[in-house]
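Accompanying notes for the structure given below.
Lettering of chains follows the sequences in order, A, B, ..., and the numbering in each one begins at 1.
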Amino acid sequence: MPELPEVETIRRSLLKNIDKFFISEIIIYHPDVLLNIENFSLKNWKIQNIRRRGKYLLFDLQKYFDVLNPPSENNKAFNSISKETKAINQNSSFSNDPSISQKMTMLIHLRMTGKLLIEEKDVLPAKHTHVRFLFENGKSLDFNDVRRFGRIKLFKSGEEFQDQGLANLGPEPLSDEFTKDYFLQTCQHHRKSQIKSLLLNQKVIAGIGNIYADESLFRAKIRPDRLIGDISQKELINLHQIIPDILEEAIGHRGTSFRDYVDGFGNKGFFQLQLAVYHKTGQPCPICKTPIQKIKVAGRSSHFCPHCQK
DNA sequence: GCCAGCCTGTTG
DNA sequence: CAACAGGCTGGC
């Protein structure tokens with residue numbers, strides 16, 4: 001479902017409440033979506049930060065109590081763990097002690113229909129909620145995914161690059177790594193590919209999906225099925241500049257909600273109001289009024305203006 | 001490269 | 001009913 005702008009919007013919406021996120025319990029309704037979970041207990045972890053890489057979310061988790069040597073059940077300190085956890089978190093000098101400090105990275109990929117929703121703990125989770133994280137403040141975070149393509153993976157911090165999808169991502173299109181030279185050079189390597197399959201290739205650029213590939217190509221006036229080798233350097237330089245422009249605009253509109261997508265608070269985005277071609281088959285091109293066409297490129301529906309795009 | 005497969009829901 | 005849906009993987 002979500003592409004870079006939607007994942008970034010979700011990240012920002014969740015981050016607003018980051019200080020309140022002390023996990024007290026995790027409820028698993030559908031274990032298939034959770035990988036590596038058996039290696040860890042998720043009780044009494046705190047979400048320190050949420051990062052994004054391409055379409056992945058990376059949750060930095062920190063635990064302050066030793067899971068291997070839990071205090072006995074009659075221990076008062078254990079029974080008041082919530083207070084203790086907070087007290088220790090306020091004192092950063094504890095965080096370097098390995099006996100009480102452990103770090104994990106939780107990798108979440110939402111694929112097509114995944115959502116992360118902040119809910120009240122007492123409210124029953126919506127249909128298709130597969131994992132619920134309960135927090136000490138009475139809130140919960142639900143991982144909901146109709147099609148169940150999304151995945152959650154847990155790693156000791158630093159080991160998350162064992163995930164091949166994450167490890168092989170290309171540069172972030174909104175970072176300095178995504179240079180003109182890199183883009184031109186990569187195009188040179190893929191001269192015989194169609195331009196749209198390059199944009200969708202996460203090893204080349206991290207985070208672009210079907211919507212923003214179509215919209216970028218429309219603005220660059222390049223047909224999605226055009227062979228890269230047939231595109232002029234001038235056009236490619238233009239496209240390189242347009243990609244971050246479109247992604248920034250989409251983030252500014254809090255993502256595209258034409259179907260399921262909502263942020264962590266269930267709010268829709270607005271970029272669907274700005275779309276020129278995506279999902280607009282038969283509707284007039286915003287520039288020349290020619291009906292938008294739909295073809296298959298790289299196995300995906302691709303929308304373009306047959307007059308404006310060459 | 002392409003294409004089935006993973007899933008459920010919606011649309012034509 | 002079949003076709004299709006913001007994605008990715010693995011097998012040819």
Side-chain angles (χ1 to χ4, degrees), chain A residues 1-11 29-35 52-57 107-116 126-131 143-153 162-170 173 189-218 224-229 243 246-247 249-251 253-263 267-282 294-303:
Chain A
M1 164 169 99
E3 306 180 26
L4 186 155
E6 290 75 34
V7 178
E8 178 61 19
T9 305
I10 292 170
R11 186 187 77 85
Y29 302 99
H30 203 116
D32 287 13
V33 302
L34 265 162
L35 308 175
R52 181 190 58 75
R53 180 77 174 91
K55 301 173 195 172
Y56 289 84
L57 285 171
L107 208 59
I108 299 189
H109 198 303
L110 300 167
R111 295 282 178 97
M112 293 283 259
T113 52
K115 297 176 190 176
L116 287 169
K127 197 179 175 184
H128 304 300
T129 297
H130 308 307
V131 181
F143 174 78
N144 182 293
D145 187 359
V146 175
R147 295 176 74 177
R148 246 183 293 136
F149 291 171
R151 289 291 178 267
I152 302 177
K153 287 191 190 181
Q162 289 169 2
D163 182 278
Q164 289 304 298
L166 181 70
N168 294 322
L169 286 178
H189 284 291
H190 294 82
R191 296 182 63 77
K192 293 179 178 175
S193 309
Q194 293 172 316
I195 184 65
K196 178 156 174 185
S197 63
L198 186 94
L199 299 187
L200 292 176
N201 185 344
Q202 302 301 300
K203 295 173 187 168
V204 172
I205 311 167
I208 299 178
N210 213 24
I211 296 175
Y212 302 107
D214 281 4
E215 292 298 313
S216 301
L217 290 169
F218 171 77
D225 57 352
R226 189 133 156 239
L227 293 185
I228 294 167
I243 288 167
I246 298 244
L247 295 172
E249 286 171 32
I251 292 172
H253 287 79
R254 306 179 53 83
T256 302
S257 297
F258 77 80
R259 212 186 173 89
D260 311 291
Y261 164 73
V262 287
D263 71 10
N267 297 318
K268 293 187 173 191
F270 303 100
F271 199 69
Q272 62 277 14
L273 303 172
Q274 310 296 320
L275 297 176
V277 290
Y278 185 80
H279 222 252
K280 302 249 180 211
T281 314
K294 180 163 88 164
I295 56 172
K296 275 263 194 261
V297 181
R300 311 294 299 277
S301 291
S302 302
H303 315 78

Exercise for the section: Report the residues that fulfil side chain to side chain contact (heavy atoms under 4.5 Å, CB included) with A/K153, sequence neighbours left out, ordered by chain and then residue number. Expected result: A/L35, A/N36, A/L107, A/F155, A/D163
Practice task
Check every strand shown and say whether A/G150 touches a base, only sugar-phosphate, or nothing at a heavy-atom separation below 4.0 Å.
Solution key: nothing
Practice task
Would you mind classifying the nucleic acid contact of A/K203 as base, sugar-phosphate or nothing, using non-hydrogen atoms under 4.0 angstrom?
Solution key: nothing
Practice task
Determine the contact category for A/D145: base if any of its heavy atoms lies under 4.0 Å from a base atom, sugar-phosphate if only primed atoms, P, OP1 or OP2 are that close, otherwise nothing.
Solution key: nothing
Practice task
Using heavy atoms to find the nearest nucleotide of DNA chain C for A/R259 and A/Y56 separately, return the residue whose nucleotide is more 5′.
Solution key: A/R259
Handout entry: A/F149 ring over B/dC6 six-membered base ring, under 5.5 Å and 30°
Key = yes
Completion exercise
Heavy-atom nearest nucleotide on DNA chain B taken for A/R151 and for A/S197; more 5' hit belongs to A/S197
Problem - Nearest-neighbour nucleotide for the A/S301 side chain, C/dC4, B/dT8, C/dG7 considered - result: C/dC4
Exercise for the section: Mind checking A/K192 for me? I need base, sugar-phosphate or nothing, with any heavy atom below 4.0 Å counting as a touch. Expected result: nothing
Problem - Side-chain (A/E215) to main-chain (A/A213) donor-acceptor, under 3.5 angstrom - result: no
Fill in the blank from the handout: The single option from A/D225, A/N201, A/N210 that satisfies side chain to side chain contact (heavy atoms under 4.5 Å, CB included) with A/K196 is A/N210
Problem - OP1 or OP2 of B/dG1 under 4.0 Å from side-chain N/O of A/K196 - result: no
Exercise for the section: Check every strand shown and say whether A/G209 touches a base, only sugar-phosphate, or nothing at a heavy-atom separation below 4.0 Å. Expected result: sugar-phosphate
Exercise for the section: With heavy atoms under 4.0 Å as the rule, sort A/Q164 into base, sugar-phosphate or nothing. Expected result: nothing
Exercise for the section: Just compare B/dT8, C/dA5, B/dG1 and give me whichever is closest to any side-chain atom of A/S193. Expected result: B/dG1
Handout entry: Separation of C/dG7 C1' from A/K153 NZ (nearest whole Å)
Key = 14 Å
Handout entry: A/L116 CG to C/dG6 P, straight-line distance once rounded to whole Å
Key = 20 Å
Fill in the blank from the handout: Taking every heavy atom of A/I295 against every heavy atom of A/P224, the minimum-distance pair comes out as CD1-CG, 4.4 Å
Problem - Side-chain (A/Q194) to main-chain (A/I228) donor-acceptor, under 3.5 angstrom - result: no
Handout entry: Atom-to-atom span, NE2 of A/H109 to C1' of B/dC6 - whole angstrom
Key = 14 Å
Fill in the blank from the handout: Side-chain atoms of A/H128 come closest, of C/dC8, B/dT8, C/dG6, to B/dT8
Problem - Separation of the P atoms in C/dG10 and B/dC7, to the nearest angstrom - result: 15 Å
Fill in the blank from the handout: Closest non-hydrogen contact found for A/Y212 with A/I246 is CD2-CG2, 3.8 Å
Problem - Euclidean distance, atom CG of residue A/D260 to atom C1' of B/dT8 [Å, nearest integer] - result: 10 Å
Practice task
Using a 4.0 Å heavy-atom cut-off across all strands, classify A/K127 as base, sugar-phosphate, or nothing.
Solution key: sugar-phosphate
Handout entry: Spacing of A/I10 atom CD1 relative to C/dG6 atom P, expressed in whole Å
Key = 16 Å
Exercise for the section: Would you indicate which nucleotide in B/dT8, C/dC4, C/dC8 comes nearest to any side-chain atom of A/K294? Expected result: C/dC4
Handout entry: Polar side-chain atom of A/E6 near backbone of A/T256 as donor-acceptor pair, under 3.5 Å
Key = yes
Handout entry: Whole-angstrom distance between B/dA4 and C/dA3, as gauged at atom P
Key = 12 Å
Exercise for the section: Measure from the side chain of A/E3, starting at C-beta and using heavy atoms only, and say which of B/dC6, C/dG6, B/dT8 lies closest. Expected result: C/dG6
Exercise for the section: Indicate, with a heavy-atom threshold strictly under 4.0 Å, whether A/F258 touches base, sugar-phosphate, or nothing. Expected result: base
Exercise for the section: Based on the glycosidic angle (syn within 90° of 0, else anti), state the conformation of C/dG6. Expected result: syn
Practice task
Determine yes or no for a side-chain-to-main-chain donor-acceptor pair under 3.5 angstrom, with A/T9 supplying the side chain and A/D263 the backbone.
Solution key: no
Exercise for the section: Report the distance from atom NE2 of A/H130 to atom P of B/dC7, rounded to the nearest whole Å. Expected result: 11 Å
Practice task
Examine distances only and state if a side-chain atom of A/D214 and a backbone atom of A/H303 form a donor-acceptor pair shorter than 3.5 Å.
Solution key: yes
Exercise for the section: Name the closest nucleotide to the A/I211 side chain, picking from C/dC8, C/dG6, B/dT8. Expected result: C/dG6
Problem - Nucleotide of C/dG7, C/dA5, B/dT8 approaching A/Y278 most closely (side-chain heavy atoms) - result: C/dA5
Problem - Among B/dG9, B/dC7, C/dT9, the nucleotide that comes nearest once only the side chain of A/R147 is considered - result: B/dC7
Practice task
Verify the distance criterion only: is there a donor paired with an acceptor across the side chains of A/E3 and A/Y261 at less than 3.5 Å?
Solution key: no
Handout entry: Nearest-Å distance for atom pair OH/P, residues A/Y29 and B/dT8
Key = 18 Å
Practice task
Rounded off to whole Å, could you give me the CG-to-C1' distance for the A/L166 and C/dC8 pair?
Solution key: 14 Å
Exercise for the section: Take atom C1' in B/dG1 and the same atom in C/dG6, then report the distance between them in whole Å. Expected result: 23 Å
Exercise for the section: Return the stems involving DNA chain C, sorted by first number, where pairs are Watson-Crick (N1-N3 with N6-O4 or O6-N4) or G-U wobble (N1-O2 and O6-N3), both under 3.5 Å, and runs are 3 or more long. Expected result: B:1-6 with C:7-12, B:8-12 with C:1-5
Exercise for the section: Look at the side-chain N and O atoms of A/K296 and state whether any lies under 4.0 Å from the OP1 or OP2 oxygen of B/dC2. Expected result: no
